[in-house]
Amino acid sequence: MELSLYDTQSRSEKIVTSKNSEVITIYCCGPTVYRDAHIGNLRTFLLTDLVVRALHVLGKKTLVVQNITDVGHMTDDFEEDKLLAQGKSESRSARDVARDYEGRFHRDLAHLNISPADHYPRASESIDLMFAHIQKLIDLGHAYVGTDNTVYFSAKSFPTYGAISGNTLEKLKPGHRYDYVDDGAKQFHADWALWKSSPNRNEMVWNSPWGTGFPGWHIECSAMSLKFLEGHVDLHIGGIDLRFPHHENERAQSNPIVNGEAVSQWLHGEHLLFEGRKMSKSAGNVVLVSHLLDKGLDPLALRFCFLENRYRSQMDLSWESITAAHQTLAKWRLLAASTQPTARDSIQALNQEVREIVNEIVSAFCDDLDTPRAMQILRSAVKSSLADNLKSSLLNAIEPLFGLALTRAIDVKEPSSEILQLLEERRAARAAKDFNLSDALRKRLDELGITIHDGPEGQRWEWKI
RNA sequence: GGUGGAAUGGCCGAGAGGCGAGGCUCGGGACUGCAAAUCCCGCUACACGGGUUCAAAUCCCGUUUCCACCUCCA
């Protein structure tokens, strides 16, 4: 089996292969670390994880690089610049802000069981790479120094501009949705800055061959991807909003350097909506991993929700769906914990029936990451008449692919002595057939977060979700 | 205006020309002292108008509406 994924540029599915070696090189656009990543950002980062997990299950090797944008992607206006403005509002340096949120980003990934990339290069530590890259583009005639000392890429110098997004230069009209002011600094309205001259700023600026300033937004990805993936990206991943202009410009900057297509395949993840709207500060519906933790929800319930939707579809999420996933996850973990799997280690050692289900699931992943289908296969297997120990084997076997920690021991808080006493009183009341008292105690325990299950074997309890 | 998508029951969502995926909610039943959990049953949908076909959610033409991107964006 091979992993096939939709490629934005060719608008068709392509099998993921390596161009230069047996290692598949993957670049994923990373976070700008001026705030916490919200769960929409994390959906895109999960996409990379799913690709990598699928490739590993197929026995492929990968090299994954994700940048950390701690500079660049900046504006001249202090108030508008995200890192500088955030530093100001938190009364600390932009650098401190960046390092802090970078750490939090890694914690969020860990909560969602997203396997780490092999390298996380920081833009601030790759400035020299960018200098070299920009200089080459100037030498090749693709870039020029404008009248404002900013270095611009000449869009017209790159004939296939627009191949990814469909926004070719004839179709891009200046000023349609923004106020375009032709100050004469650049030669063509669609040209963009590679190095932004900024003589008046004193924080987050560098001395370059073209004067003091900071890098343009797109150059870091070109420079870092080609450096850390040794000149070729087999698969480039990012959010759909990056398709234009970011990836279009990145392609224009990278291709001339390698004298060919620097990226074999472009993979874009669609956006996540929350309760019907795009997550934004103004809509007040930005959800963070920490919000899930505050509500006592397992962050992997979020991973579960993401898996139930196709990465190429816009997805609408709500607290209701996360809670439902949380409950299903808890049920499956109970099942996995209730019996010993027959075989833990290799797919070959599995019972044939289980092996066939695993194969179906792997092939759903290979079909452009059809995770909803994979989840459905798993769901019906869990509901089927398959013996419990085989179900348990199945949950173990697919763990490397799903990453839902289905076999994780259930995290149980110790009940307080009050709760233990109430439970004992209720047991006694039931034994004495004092149902008024036992019902009152059940209500009281419910208020303390305890759900009671009465069965033939007596009273059981668990923490409410 | 350009570009890329989408429209399926109360809700979320799969769908391959041919018996209506699945999940959640809700209603009914079994079980239970009563509940809960679990199991069983029920809720017969494909934006609109044409067309092709023995047969269309699926293919073709047209229309409408919605979302995203068009120099902050995952």
Side-chain angles (χ1 to χ4, degrees), chain A residues 8 11 28-32 34-35 37-48 66 69 73-75 77 80-82 85 155 162 164-180 186 189-193 216-218 237-249 268-273 276-281 304-305 308-318 320-321 323-325 327-328 331 334 364 370-373 375-380 383 430 433-436 438-439 442-443 446 450-456 459-462 464:
Chain A
T8 308
R11 290 164 179 71
C28 175
C29 286
T32 304
Y34 70 99
R35 57 158 167 76
H38 59 60
I39 59 177
N41 303 126
L42 292 169
R43 186 185 185 203
T44 303
F45 304 148
L46 175 68
L47 177 57
T48 303
Q66 183 168 34
T69 301
H73 188 171
M74 302 166 92
T75 68
D77 179 354
E80 292 285 315
D81 187 286
K82 290 175 170 162
I164 300 175
S165 64
N167 287 332
T168 54
L169 293 176
E170 313 81 69
K171 286 172 181 161
L172 277 177
K173 291 180 185 168
H176 192 82
R177 234 191 59 158
Y178 58 99
D179 293 329
Y180 177 70
K186 54 184 174 180
H189 73 89
D191 293 353
W192 65 90
W217 172 27
H218 317 295
I237 303 175
I240 189 73
D241 52 310
L242 297 183
R243 187 187 44 194
F244 186 88
H246 184 58
H247 290 157
E248 201 68 73
N249 293 3
H268 290 106
E270 253 296 353
H271 274 162
L272 174 72
L273 311 179
R277 284 172 304 172
K278 184 177 169 176
M279 264 190 264
S280 68
K281 254 185 187 168
F304 190 106
C305 291
E308 284 193 298
N309 290 68
R310 199 78 181 263
Y311 75 93
R312 268 202 288 144
S313 301
Q314 266 180 21
M315 166 179 180
D316 189 14
L317 195 64
S318 63
E320 198 185 5
S321 45
T323 307
Q327 284 165 337
T328 305
K331 266 185 238 168
L334 267 178
D370 194 347
T371 55
R373 199 170 96 221
M375 291 293 274
Q376 192 199 324
I377 295 164
L378 184 59
R379 231 180 234 283
S380 55
K383 267 187 91 165
R430 289 225 326 136
K433 299 204 185 298
D434 184 349
F435 295 119
N436 283 336
S438 80
D439 287 355
R442 181 167 63 202
K443 189 158 179 286
D446 184 77
I450 298 288
T451 303
I452 299 289
H453 310 268
D454 291 322
Q459 161 181 299
R460 285 187 302 115
W461 66 272
E462 64 188 32
K464 262 199 304 191

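Below, chains carry the letters A, B, ... as their sequence lines are ordered, and counting in each starts from 1.
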task: Using a heavy-atom cut-off of under 4.0 Å over every strand shown, decide if A/S321 touches base, sugar-phosphate, or nothing.
output: nothing
- prompt: Checking all strands, does A/F435 fall into the base, sugar-phosphate, or nothing category for heavy-atom contacts under 4.0 angstrom?
  reply: base
- line: Between A/D191 and A/I164, the residue closer to the 5' end of RNA chain B by nearest nucleotide is A/I164
- line: salt bridge (charged side-chain N to carboxylate O under 4.0 Å, His left out) filter on A/K443, not counting sequence neighbours, yields A/E447
- prompt: So what does A/R442 touch, heavy atoms closer than 4.0 Å: a base, only the sugar-phosphate, or nothing?
  reply: base
message: Just to verify, what does A/H38 make a side-chain contact (heavy atoms from CB on, under 4.5 Å) with, not counting sequence neighbours?
response: A/R35, A/N41, A/M279, A/V286, A/L288
task: Mind listing the closest non-hydrogen atom pair of A/A325 and A/F304 along with its distance?
output: CB-CD2, 3.5 Å
field: No-hydrogen, no-angle side-chain donor-acceptor test under 3.5 Å, A/S165 and A/E248
entry: yes
Atom-pair distance (CG on A/D241; P on B/rG4), nearest Å: 17 Å
field: Spacing of A/N41 atom CG relative to B/rC72 atom C1', expressed in whole Å
entry: 13 Å
task: Round to the nearest Å and state the distance from A/E462 atom CD to B/rA37 atom C1'.
output: 8 Å
task: Look at all strands and tell whether A/L47 reaches a base, only sugar-phosphate, or nothing, counting heavy atoms closer than 4.0 Å.
output: nothing
task: Please name all residues satisfying side-chain contact (heavy atoms from CB on, under 4.5 Å) with A/A155, sequence neighbours left out, ordered by chain then number.
output: A/L169, A/F188, A/A190, A/D191, A/W192
query: Which part of the nucleic acid, if any, lies within contact of A/G269, taking any heavy atom under 4.0 Å across all strands shown: a base, the sugar-phosphate backbone alone, or nothing?
result: nothing
Rounded distance in Å between the P positions of B/rC41 and B/rG22: 11 Å
- request: Please state how far atom CZ in A/F244 lies from atom C1' in B/rU3, giving the value in whole angstrom units.
  value: 9 Å
- request: Using the P atoms only, state how far B/rA30 lies from B/rG23, rounded to an integer number of Å.
  value: 23 Å
task: Would you indicate which nucleotide in B/rA36, B/rC69, B/rG33 comes nearest to any side-chain atom of A/R243?
output: B/rC69
- request: Whole angstrom is fine here: how far is it from CG in A/D316 over to P in B/rA14?
  value: 12 Å
- prompt: Between A/G166 and A/S313, which has a closest nucleotide on RNA chain B that is more 5'?
  reply: A/G166
message: Once rounded to the nearest 0.5 Å, what's the spacing between atom OG1 of A/T8 and atom CZ of A/F244?
response: 14.5 Å
- request: Report the residues that fulfil side-chain hydrogen bond (donor to acceptor under 3.5 Å, both in side chains) with A/R312, sequence neighbours left out, ordered by chain and then residue number.
  value: A/D368
message: Going by salt bridge (charged side-chain N to carboxylate O under 4.0 Å, His left out), name the residues that satisfy it together with A/E270, two or more places apart in sequence or in a different chain.
response: none
- request: Report the distance from atom CZ of A/R430 to atom P of B/rA36, rounded to the nearest whole Å.
  value: 14 Å
query: Expressed in angstrom and rounded to an integer, what is the separation of A/D439 atom CG from B/rC34 atom C1'?
result: 6 Å
Pick out the pairs of N or O atoms, protein on one side and nucleotides 22-27 of chain B on the other, that lie under 3.5 Å.
residue	atom	partner	partner atom	Å
B/rG23	OP1	A/K383	NZ	2.8

Would you list the protein and nucleotides 8-10 of chain B atom pairs, both N or O, that sit under 3.5 Å from each other?
none

query: When you compare B/rA56 with B/rC19, how far apart are their P atoms, in angstrom units rounded to a whole number?
result: 11 Å
message: Without decimals, in angstroms, what is the distance between A/H247 NE2 and B/rC73 C1'?
response: 12 Å
message: Students often get this wrong, so: under 4.0 angstrom with heavy atoms, is A/L242 touching a base, only sugar-phosphate, or nothing?
response: sugar-phosphate
- request: Could you work out the separation of B/rG51 and B/rG1 based on their C1' atoms and round it to a whole Å?
  value: 31 Å
- request: Apply side-chain contact (heavy atoms from CB on, under 4.5 Å) to A/R430 and list each qualifying residue two or more places apart in sequence or on a separate chain.
  value: A/R426, A/S438, A/D454
query: If you measure from the C1' atom in B/rC66 to the same atom in B/rA47, how many Å do you get, rounded?
result: 10 Å
- request: Dot-bracket notation for RNA chain B is requested: 5' to 3', Watson-Crick or G-U wobble pairs only, both distances under 3.5 Å, with ( ), [ ], | and . as defined.
  value: (((((((..(((.....[...))).(((((.......)))))....(((((..]....))))))))))))....
query: Does a distance-only test, which skips hydrogens and angles, find a donor-acceptor pair under 3.5 Å between the side chain of A/N167 and the base of B/rC69?
result: no
- request: Could you measure between the two P atoms, the one in B/rG49 and the one in B/rU58, and give it in whole Å?
  value: 13 Å
message: Tell me if a side-chain donor or acceptor on A/S380 pairs with a main-chain N or O of A/Q376 at a distance below 3.5 Å.
response: yes
- request: Mind checking side-chain hydrogen bond (donor to acceptor under 3.5 Å, both in side chains) for A/D370 and listing every partner two or more places apart, or none if nothing turns up?
  value: A/R373
Integer angstrom distance from the P of B/rA57 to that of B/rG17: 13 Å
- request: Evaluate the ring-ring contact (aromatic ring centres under 6.0 Å, His included) criterion for residues A/W217 and A/H246: first the C-alpha distance (whole Å), next the side-chain angles of each, then the deciding distance (0.1 Å), finally the verdict.
  value: CA-CA 8 Å; A/W217 172 27; A/H246 184 58; 4.7 Å; yes
query: Base, sugar-phosphate, or nothing: which does A/R373 touch, judged by heavy atoms less than 4.0 Å apart?
result: nothing
task: Look at all strands and tell whether A/H268 reaches a base, only sugar-phosphate, or nothing, counting heavy atoms closer than 4.0 Å.
output: nothing
message: What contact category does A/N249 fall into here, base, sugar-phosphate, or nothing, at under 4.0 angstrom with non-hydrogen atoms?
response: nothing
- prompt: Which of these nucleotides, B/rC73, B/rG33, B/rA14, is closest to any side-chain atom of A/W217?
  reply: B/rC73
Sequence-distant partners of A/S313, side-chain hydrogen bond (donor to acceptor under 3.5 Å, both in side chains), two or more places apart: none
message: Could you work out, with side-chain contact (heavy atoms from CB on, under 4.5 Å) as the rule, every residue matching A/D439, not counting sequence neighbours?
response: A/R442
Presence of A/W461 side-chain N/O under 4.0 Å of B/rA37 phosphate oxygens OP1/OP2: no
- line: CG (A/D241) and NE2 (A/H268) are apart, to the nearest 0.5 Å, by 8.5 Å
field: Span that lies between the C1' atom of B/rG10 and that of B/rU25, in whole angstrom
entry: 7 Å
query: Does a nitrogen or oxygen in the side chain of A/R35 sit under 4.0 Å from OP1 or OP2 of B/rA74?
result: yes
query: Would you say the side chain of A/N309 and the base of B/rG13 hold a donor-acceptor pair, judged only by whether the two atoms sit under 3.5 Å apart?
result: no
